[in-house]
Amino acid sequence: MTNIELKKIWLENYSSSPDQLKKMSEVKGLISAFNANIDAVIKLPGKKIEELINNHVENEKVLFEGENIISSEEDLLRGLVHCFIKGIAEEWLINDLKVYNWVNNTFADNKLQTGGQGGIVANITAVCGVNPVYVHCASLPEQQAALFSDLPNLYSVDENGEIKRANKIRRNKDIPLIHYILEFDKGDTVNIFGKSYKCPKSNRFIATYDPLNFKLHIDELFIKRLSKPDINYDYIILSGYQMLQEKIEDSISGKERVDYSMKPVEKLKNNNPNSIIHFEVASTQDKIIRKYLIDTIAKKVDSLGFNERELIDILEVINEKESAEECNNKTTAVNLFKGMLKIYEYTDCPRLQLHMFGLYITLQKKGFKISPDQNRKGMQLAASVAAAKAGTGSTDQKENLTWAFGKPVSDVGLNELSDLQNYIKERFGENRILETGIYSNNLIDIIAIPTILIDNPVTLVGMGDTISSVSLISAI
């Protein structure tokens, strides 16, 4: 079957998306925790990157060797060049106030928007119609609050622990928490130290200085109010752990903060026992914390979400280095799916979702409360919403959500799905996943869909969080 024929089949599969979007208003509530912040988004052309390097880097070695932490201007530029050359997304932490001040001055011309996985998930699910959505904020001054969508179904708590519309809250004693998102485009080039490098994929590098979320600060007033019996919700989305480090301060460790966070999560779960807990894995640079997250939280939740880089990072810390290297060298759907099977076996988490370039894959335990067909429909809506975000630059308005409805799926995704179908045939047996997106046996369900890709995307910030949350929550 040709890709032209397959695109017609998938256009029909995707025709469920308008109905799935309407169904999101049937969800009886969602809590998004823990990290919300302000994102300062800056588009960096190759020439600007060259200029920064020429002004601040004297030794080529500095750009290619060192730890994934930002203690100097050179460290930030190393991270930027690393992501640009590979076309990947990573987040590195700024651990020096002087460097943060330099970033503030250097990238003063930027676009501010709601950031942090928790904030992004809250915004997009509220716009999609989930009612109510409660967003946890370590800090919520006016500058942060004003960036939340001005919607009557999006809430947080004020300084007295009272539930109010997030956009209207003014916790004026709180401080702004700003993360810098440095975006670059596919096909752009940088010339440094006599060598030319071409960017293979549009992506971004995130430089973060955030003293509260660094410690996974938890607002006890939020937990206390949301744990009361009058509050109902179907989903709890967890994120924000990626900024933790093994040693935070002399008396605080990252592991202790992970353990501490599970107490309020248990309170929330006990308040609504049937709720689904999803953990959005992010780019966690500290390997000890990364391993601890997989050994603790990932084994307790109902669902995990990650991209290709994060999947490789997980494999590295669960003693699957050969698989990680295979995925790193050839980042294909087949290799990544093999990695998913290893993570599934290690964590025993009943639902895993991968969002990769051109394809989404969900692997779940047979009998999971969301059926394969529901999963596929949710993933298709997520792909449409993600394409709308890439194409319009914003999904803060409901009319933007439908921008990509009716657009064809990508050849990239279909080709990856074809290869995956062949691997599933070898491993599990005959299947029609290339046409239906679903394969099931008596132990597992595999759901995979080709996605809609947008040339020259306006933005890619928050794409993974959008995909994971909409995939899960609209699967009804």
Side-chain angles (χ1 to χ4, degrees), residues 1 6-7 9-24 26-27 128 234-235 237 274-280 301-306 311 333-334 336-345 347-356 358-386 409 413-414 416-452 467-476:
M1 190 175 293
L6 286 167
K7 286 183 180 183
I9 291 172
W10 278 99
L11 195 62
E12 177 61 28
N13 288 341
Y14 267 72
S15 66
S16 65
S17 292
D19 285 339
Q20 292 306 118
L21 181 57
K22 291 178 184 176
K23 286 181 180 179
M24 289 190 76
E26 299 173 15
V27 176
C128 285
D234 290 335
Y235 298 92
I237 311 295
N274 293 323
S275 58
I276 292 175
I277 302 180
H278 173 86
F279 174 36
E280 187 64 11
V301 298
D302 305 295
S303 177
L304 287 180
F306 39 76
L311 180 148
V334 171
L336 292 168
F337 178 68
K338 291 177 184 177
M340 287 182 75
L341 290 171
K342 293 181 183 299
I343 295 170
Y344 179 74
E345 182 180 3
T347 63
D348 198 34
C349 180
R351 180 183 183 272
L352 309 180
Q353 186 177 46
L354 164 72
H355 42 275
M356 65 173 287
L359 193 73
Y360 305 158
I361 306 172
T362 296
L363 171 65
Q364 65 178 27
K365 191 171 290 186
K366 191 72 174 178
F368 188 71
K369 59 182 73 176
I370 299 173
S371 73
D373 185 61
Q374 287 173 309
N375 260 299
R376 191 193 71 180
K377 289 177 179 177
M379 292 160 69
Q380 289 166 176
L381 176 60
S384 297
V385 172
V409 298
L414 287 171
E416 290 283 4
L417 186 53
S418 177
D419 291 342
L420 182 62
Q421 176 176 263
N422 292 334
Y423 176 75
I424 292 172
K425 180 181 177 180
E426 293 173 12
R427 178 83 180 251
F428 299 108
E430 291 289 344
N431 66 92
R432 296 179 61 238
I433 199 168
L434 181 58
E435 300 160 59
T436 67
I438 296 171
Y439 167 79
S440 295
N441 61 27
N442 60 347
L443 294 175
I444 58 171
D445 300 316
I446 304 166
I447 308 97
I449 68 158
T451 71
I452 303 164
I467 294 163
S468 287
S469 59
V470 176
S471 290
L472 176 65
I473 296 155
S474 70
I476 53 179

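By convention here, the first residue in the shown sequence is residue 1.
With a 6.0 Å radius and a threshold of 12 heavy atoms from other residues, nucleotides or ligands, K342 has its NZ atom at or below the threshold. Summarising the local packing, NZ of K365 is surrounded by more than 12 heavy atoms from other residues, nucleotides or ligands at distances under 6.0 Å. Remark: K22 NZ is loosely packed, at most 12 non-hydrogen atoms of other residues, nucleotides or ligands lying under 6.0 Å away.
The existence of a salt bridge linking K377 and D373 is confirmed by a sub-4.0 Å separation between a basic side-chain nitrogen and an acidic carboxylate oxygen. Salt bridge present: E435 and R432 bring a charged side-chain N and a carboxylate O closer than 4.0 Å.
Using modelled atom types, no side-chain atom of N375 and backbone atom of A475 make a donor-acceptor pair closer than 3.5 Å.
By the 4.5 Å heavy-atom criterion applied to side chains, K369 and I276 are counted as neighbours. The shortest distance between side-chain heavy atoms of Q20 and Y14 does not fall below 4.5 Å. When side chains are defined from C-beta on, Y423 counts as touching R427, because their heavy atoms get closer than 4.5 Å. Looking at heavy atoms from C-beta onward, L417 lies in side-chain contact with I433 at the 4.5 angstrom threshold. Counting only heavy atoms from C-beta outward, the side chains of N422 and V334 never approach each other to under 4.5 Å. Side chains of W10 and I449 form a contact here, defined as non-hydrogen atoms less than 4.5 Å apart. L21 is listed as a side-chain neighbour of C128, based on a closest heavy-atom distance under 4.5 Å. No side-chain heavy atom of I361 sits less than 4.5 Å from a side-chain heavy atom of L336.
To the nearest 0.5 angstrom, F279 atom CZ is 11.5 Å from S468 atom OG. Distance check: N441 CG to N431 CG gives 10.5 Å after rounding to the nearest 0.5 Å. The OG atom of S303 lies 11.0 Å from the CD1 atom of I277; values are rounded to the nearest 0.5 Å. Between the OG atom of S469 and the CE atom of M24 there is a distance of 7.0 Å, given to the nearest 0.5 Å. Atom OH of residue Y439 and atom CG of residue D445 lie 10.0 Å apart, to the nearest 0.5 angstrom.
H278 and E280 form a side-chain donor-acceptor contact under 3.5 Å, judged by distance and modelled atom types alone.
What you find for M340 and F306 is that their closest heavy atoms are CG-CE1, 4.2 Å.
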Set out, in order, the CA-CA distance, both residues' side-chain angles and the distance that settles side chain to side chain contact (heavy atoms under 4.5 Å, CB included) for R351 and T362, then state yes or no. CA-CA 7 Å; R351 180 183 183 272; T362 296; 4.0 Å; yes
